[in-house]
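The structure appears right after this line, and notes come after that.
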Amino acid sequence: MATDLENLTDQMIVRRSKLQEWKQAQLDPYGHKYERTHSTQEIVQDFDKLEGETVSIAGRIMVVRGHGKASFADLMDGSGTIQLFIRINTVGEDLYHQYERLDIGDIIGVQGTVFRTKRGEISVEIVQFTLLSKSLRPLPEKWHGLKDVDLRYRMRYLDLIANPEVKDVFIARSKVIQGIRDYLLERGYLEVETPMLNTIAGGANARPFVTHHNALDMDLYMRIAPELYLKRLLVGGLEKVFEIGKNFRNEGMSTKHNPEYTSVEVYEAYGDADSMMVLTEELFAHLAKLVNGTTKINFQGQTVDLTPPWERIAMLDAIRKHSGVDLKALSETEAVAAAKERELDIPQGATKAQVINEFFDVFVEPKLVGPIFITDHPVEISPLAKRKADDPSVTDRFEPFIVGWEMANGFTELNDPIDQKERFLNQVEQRQAGDDEAHMMDEDYVMALEYGMPPAGGLGIGIDRLVMLLTNSPSIRDVLLFPHMRPR
RNA sequence: GAGCCAUUAGCUCAGUCGGCAGAGCACCGGACUUUUAAUCCGGGCGUCCUGGGUUCGAAUCCCAGAUGGCUCACCA
């Protein structure tokens with residue numbers, strides 16, 4: 001016991017001794033179900049009706065202002081905060097002294113009378129109270145809150161208590177996900193779930209996490225995208241499907257990347273990239289209105305308006321516009337030379353597609369405040385997208401950019417099994433050449449395509465980034481309740 | 001993975017030139033029956049991120065490491 005106490009701070013020791021006092025008084029410091037009649041917000045809103053009435057509320061004591069034989073406190077529940085008032089004349093000496101032994105952070109249930117103080121503050125005067133949970137550690141400071149970002153992410157519960165506005169971001173996140181689900185369900189899409197434990201990690205260029213199945217004694221990959229499963233469902237005749245869920249990518253972390261992140265992927269048989277672009281811009285505008293009441297976005301000083309339709313420009317045209325170089329007219333060798341002239345960082349023996357990608361990243365991407373669709377990506381970097389009918393070197397693909405970020409990815413789905421197999425073989429070559437983010441061969445998927453997949457449009461949206469955009473959050477960690485952190 | 005910055009009381013932060021470790025809130029004791037960052041009086045509280053080094057003496061200077069933030073690289 002003594003050794004235990006050595007690790008406790010003075011405040012923790014004090015609170016533990018108060019805990020013992022409650023137990024010795026035959027009072028349970030960890031209470032049970034408590035019937036509430038109102039939330040603190042309801043009392044404030046319906047004060048005119050409730051004045052003089054008895055209510056039951058429950059929450060956490062946040063601030064205490066004692067005055068000898070009377071005392072004030074602020075009680076916080078899920079809806080907000082209300083002031084409590086207690087007077088020795090009303091409750092008697094015993095209960096009053098019990099009340100004085102409470103600490104900031106304790107959770108209590110209160111029965112009391114609604115009234116307004118001389119200074120105009122809507123309050124509840126305590127008639128009876130019950131300790132529902134004794135708090136054994138002091139809360140962060142009442143005025144400055146919890147600022148240490150490390151602690152805020154690692155101890156999100158404290159962040160939520162000390163910085164109530166944090167909750168608004170997660171309410172917005174919930175609205176976005178619910179909004180996407182409602183929007184798609186209303187339009188006849190079927191919500192499905194596909195495996196997160198994969199034998200082949202397909203559907204994206206990314207390094208997977210590896211895990212192990214003991215009974216089968218085999219390694220499995222955590223999925224990097226649900227795409228190939230969802231398109232198998234198109235083969236099976238489910239014509240409009242979507243999945244909201246997590247993907248896992250074994251890559252670096254940044255303000256825009258977390259190893260596990262949430263996406264929605266949507267597929268529509270007999271659609272194409274164009275129908276998916278319309279869906280994207282309408283869905284984004286709808287969600288902005290749902291969360292913020294307007295399609296205008298203010299993100300870290302940049303202003304964009306998501307009202308459809310959004311501008312569209314082919315990737316090569318965008319490069320010509322922003323760099324002055326018309327890569328379409330150049331051969332591979334000429335394109336590589338043009339890149340070297342501009343000191344672009346391209347690998348030895350780079351292909352034209354890699355040069356295009358690099359030109360785009362350097363000259364175009366930073367300028368795309370948007371919203372704007374970049375379309376017609378080179379076939380080499382789009383192994384699951386259908387070629388354009390009038391130009392087989394590019395695909396019928398699009399990526400919307402807003403405030404300079406890629407917010408989604410979509411295309412007309414490649415449903416030619418022979419072309420798909422060649423694309424996979426090409427990826428496997430790149431993999432063998434050392435690109436561990438290149439796609440793996442998926443024979444089973446090719447076989448599914450051989451049975452016949454209807455022409456289709458597909459779309460994937462990064463939900464975390466979308467929530468960042470809609471809540472003006474500069475870091476992905478601000479929109480994840482428990483972002484990935486190194487263990488301490 | 002690289003560069004820059006940060007890490008001091010439960011929380012928010014000062015700490016000058018290398019010379020006794022500080023403040024506010026919180027906590028403890030006292031006063032106070034309508035306060036609201038309540039007020040007033042008194043008090044306690046430290047692995048100065050960790051480990052080395054320089055020095056008579058290190059929170060402070062040097063080296064290595066840990067964690068975090070930002071920027072860059074990779075990616076969505």
Original post:
If you measure from the C1' atom in G18(B) to the same atom in C62(B), how many Å do you get, rounded?
Top reply: 13 Å

Original post:
Any Lys/Arg nitrogen of Asp396(A) or Lys386(A) sitting under 4.0 Å from an Asp/Glu carboxylate oxygen of the other?
Top reply: no

Original post:
Can you check the Leu84(A) CG to U33(B) P distance for me, whole Å?
Top reply: 20 Å

Subject >> Selection from C70(B), G69(B), A26(B) that lies nearest to any side-chain heavy atom of Gln11(A) >> reply: A26(B)

Subject >> Consecutive-pair stems (at least three Watson-Crick or G-U pairs, under 3.5 Å) that include RNA chain B >> reply: B:1-7 with B:66-72, B:10-13 with B:22-25, B:27-31 with B:39-43, B:49-53 with B:61-65

Subject >> Pair Asp74(A) + Lys142(A), salt bridge at N-O below 4.0 Å >> reply: no

**OP:** Between G42(B) and G19(B), how far apart are the P atoms? Round to whole Å, please.
**Re:** 30 Å

Original post:
Taking the side chain of Thr117(A) as heavy atoms from C-beta outward, which of A76(B), A38(B), U34(B) is closest to it?
Top reply: U34(B)

Original post:
U54(B) and C17(B): how far apart are their P atoms, nearest whole angstrom?
Top reply: 25 Å

Original post:
Taking the side chain of Val63(A) as heavy atoms from C-beta outward, which of A38(B), G68(B), U35(B) is closest to it?
Top reply: A38(B)

**OP:** May I ask you to decide whether Glu125(A) forms a salt bridge with Arg87(A), counting only side-chain N to carboxylate O separations under 4.0 Å?
**Re:** yes

Subject >> Ion pair Glu165(A)/Lys167(A), N-O distance below 4.0 Å >> reply: no

Subject >> Electrostatic pair Glu21(A)-Arg101(A), nearest N-O below 4.0 angstrom >> reply: yes

Original post:
Salt bridge between Arg173(A) and Asp464(A), side-chain N to carboxylate O under 4.0 Å?
Top reply: yes

**OP:** Rounded to the nearest angstrom, tell me the gap between atom CZ in Arg486(A) and atom C1' in G68(B).
**Re:** 10 Å

Original post:
Do Gln83(A) side-chain and U35(B) base share a donor-acceptor contact under 3.5 Å?
Top reply: yes

**OP:** Give the rounded distance in Å between these two atoms: CD1 of Ile13(A) and P of G44(B).
**Re:** 17 Å

Original post:
If you pin Ile476(A) and Lys118(A) to their nearest nucleotides in RNA chain B, which one's is more 5'?
Top reply: Lys118(A)

**OP:** Using a cut-off of strictly less than 4.0 Å, decide whether Arg119(A) has a side-chain nitrogen or oxygen near OP1 or OP2 of U36(B).
**Re:** yes

**OP:** Take atom C1' in U33(B) and the same atom in G44(B), then report the distance between them in whole Å.
**Re:** 30 Å

**OP:** In whole angstrom, give the distance that lies between atom CG of Leu151(A) and atom C1' of U7(B).
**Re:** 11 Å

**OP:** Could you measure between the two C1' atoms, the one in C48(B) and the one in A14(B), and give it in whole Å?
**Re:** 13 Å

**OP:** State plainly whether the residues Lys246(A) and Glu260(A) are in salt-bridge range, i.e. N to O under 4.0 Å.
**Re:** yes

Original post:
Atom CG of Asp436(A) to atom C1' of C74(B): distance rounded to whole Å?
Top reply: 11 Å

**OP:** Using heavy atoms to find the nearest nucleotide of RNA chain B for Glu100(A) and Glu406(A) separately, return the residue whose nucleotide is more 5′.
**Re:** Glu100(A)

Original post:
Are any of Arg154(A)'s side-chain N or O atoms less than 4.0 Å away from OP1 or OP2 of U67(B)?
Top reply: no

**OP:** When you get a sec, tell me which of A38(B), G68(B), U12(B) is the closest nucleotide to the side chain of His67(A)?
**Re:** A38(B)

Original post:
For Lys18(A) and A26(B), what is the distance between atoms NZ and C1' respectively, to the nearest whole Å?
Top reply: 11 Å

Original post:
Parallel under 30°, tilted from 30 to 60°, perpendicular over 60°: which one fits the rings of His439(A) and Phe424(A)?
Top reply: tilted

Subject >> Separation between the C1' atoms of C20(B) and G15(B), rounded to whole Å >> reply: 14 Å

Original post:
Side-chain N or O of Lys142(A) less than 4.0 angstrom from OP1 or OP2 on C11(B)?
Top reply: no

Original post:
If you check the Arg65(A) side chain, which of A76(B), U67(B), U36(B) turns out closest?
Top reply: U36(B)

**OP:** Take atom CG of Asn247(A) and atom P of A76(B), then tell me their distance rounded to the nearest Å.
**Re:** 11 Å

**OP:** Kindly state whether the ring of His286(A) and the ring of Tyr183(A) have centres lying under 6.0 angstrom apart.
**Re:** yes

**OP:** Confirm from the modelled atom types if Glu141(A) and A26(B) form a donor-acceptor pair under 3.5 Å, side chain to base only.
**Re:** no

Subject >> Span that lies between the C1' atom of A9(B) and that of A23(B), in whole angstrom >> reply: 11 Å

Subject >> Ring centroids of Trp405(A) and A76(B) base under 5.5 Å with planes under 30° >> reply: no

**OP:** Could you state the atom-to-atom distance from CG of Leu368(A) to C1' of A76(B) in whole Å?
**Re:** 16 Å

Original post:
Looking at the side chain of Glu251(A), which of A37(B), C11(B), A76(B) is the nearest nucleotide?
Top reply: A76(B)

Original post:
Between the base of U33(B) and the side chain of Asn89(A), is there any donor-acceptor pair under 3.5 Å?
Top reply: yes

**OP:** For C49(B) versus G29(B), give the span between their C1' atoms, rounded off to a whole number of Å.
**Re:** 34 Å

